[in-house]
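By convention here, the first residue in the shown sequence is residue 1. What you see is a predicted model, and the numbers here were worked out from it, not measured in a lab.
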Amino acid sequence: MSVMEAIDVTKPQARTSTSLEKPSLIGLSREEMAAALRDKGVAEKQIKMRVAQLWNWIYVRGVSDFDHMTNVAKDMREMLKQHFTIARPEIVEEQVSNDGTRKWLLRFPPRGAGRPVEIEAVYIPEEGRGTLCISSQVGCTLTCSFCHTGTQRLVRNLTAEEILSQLLLARDRLGDFPDREAPQGTIMPAEGRKVSNIVMMGMGEPLYNFDAVKQALLIATDGDGLSLSRRRVTLSTSGVVPEIFRTGEEIGVMLAISLHAVRDDLRDILVPINKKYPLKELIEACKAYPGLSNARRITFEYVMLKDVNDSLEDAKGLIKLLKGVPAKINLIPFNPWPGTNYQCSDWEQIEKFADFINSAGYASPIRTPRGRDILAACGQLKSESERMRKTERLAFEAMMIANHGADD
């Protein structure tokens, strides 16, 4: 089914035309939040206490309305309302798959793009975890030939606030903050957090928006706030080699590489950034990733394209390429979209490929079909600037991201 829900006064506040004119406190570091309060005349001796209060209300309690901050003085709340916002993005559409996968189309202000922009975020519930797939850009510059998102040109980077807001909104909608309840019938993990894992695998290349992604993920993993384990956060890159080491050193999350080919000539076509950072440089960067070990393996994403990259020779080349890299290989049956020239590999061939990889000692799970009826698949997210008609979107099968990050 497809679900369209209006946001009423009992739900978290969404952006309004007035809130667009105010800066958000979401996504600010503690130091930036302190400076913002100082600039509005908050006494220096109160700054540290006020920042701690706001941090707790925004990231632990999950409020989106200053009036709900009951231990903050009324005059302070009035000042905050006058100068700042903590509102959520507008939900343009919420779709719920029969298997519980949820996809949100979210709208953010223009910020130089000329008009409001839209992105998609996806939630995938499983028995032991709930994974949220987050976008980092509106559109993408990489033009990977098999990826539908790559056909939407880059509109702009998302801010740290907009990246974090996807997580806050998902937790709102799933009842994952204190004193909240999920919509009746919501499919989610039986125990623990509803959003236990996040993956930077939505629209865009995260490492082309490094600073905003870094700030958002550091806040998401802050122990006094959202407190996600870094082992439960995975950042996926198509191979922006200069930023890979920085990701491990400065953010410290799990790494996934969108690989898809084991020869430079083929990867140049499938993932054109390979022309700038070829496979040898990419694998060397992976081997140098801080914290890399058998307990903190790199995940290599490999989309299965019929008669393109799915032969046993390709499987042998993959084993040779990854020699010496603690790795897991996720095999992704190709997700079709209108206009593509590629086909998904035959299931028998995918299983042969997986068996060969497994026999060489690498875990190589084949992704389980998820969200088949709402086009929520890896490589299929796409927003308003070139959106498909709804009837087209819902006609195509989808498969969603799973098995990323730790379980404990």
Any residue meeting side chain to side chain contact (heavy atoms under 4.5 Å, CB included) with Asn157, in chain and number order, not counting sequence neighbours: Gln137, Asn209
Side-chain H-bond candidate by donor/acceptor type, Trp57 with Gln53, under 3.5 Å: no
Salt bridge present between Lys287 and Glu284 (N-O < 4.0 angstrom): no
Side-chain ion pair, Arg156 and Glu162, N-O less than 4.0 Å: yes
Between Asn330 and Thr299, a side-chain donor and acceptor under 3.5 Å: no
Distance-only polar pair, side chains of Thr237 and Glu205, donor-acceptor under 3.5 Å: yes
Cation-pi, Phe177 ring and Arg61 (6.0 angstrom, 45 degrees): no
Taking every non-hydrogen atom, the tightest pair across Leu259 and Leu318: CD2-CD1, 3.5 Å
Basic-acidic side-chain contact under 4.0 Å: Asp172, Arg88: yes
Euclidean distance, Arg232 CZ relative to Ser196 OG, rounded to 0.5 Å: 4.5 Å
Inter-residue atom distance Arg107.CZ - Leu105.CG, 0.5 Å rounding: 7.5 Å
Heavy-atom pair of closest approach, residues Leu322 and Ala327: CD1-CB, 4.4 Å
Pairing of Asp67 and Lys81 as salt bridge, 4.0 angstrom limit: yes
Side-chain touch Tyr302/Ile257, heavy atoms, less than 4.5 angstrom: no
Spatial distance of atom CZ (Phe300) from atom NZ (Lys328) [nearest 0.5 Å]: 12.5 Å
Sequence neighbours excluded - salt bridge (Lys or Arg N to Asp or Glu O under 4.0 Å) pairs with any residue from residues 23-45: Arg30-Asp222, Arg30-Asp224, Arg38-Glu44
Side chains of His260 and Ser258, donor plus acceptor under 3.5 Å: yes
Interatomic spacing from CD in Gln349 to CG in Asp310 - rounded to 0.5 Å: 5.0 Å
All pairs passing salt bridge (Lys or Arg N to Asp or Glu O under 4.0 Å) where residues 268-279 contributes a residue, at least two apart: none
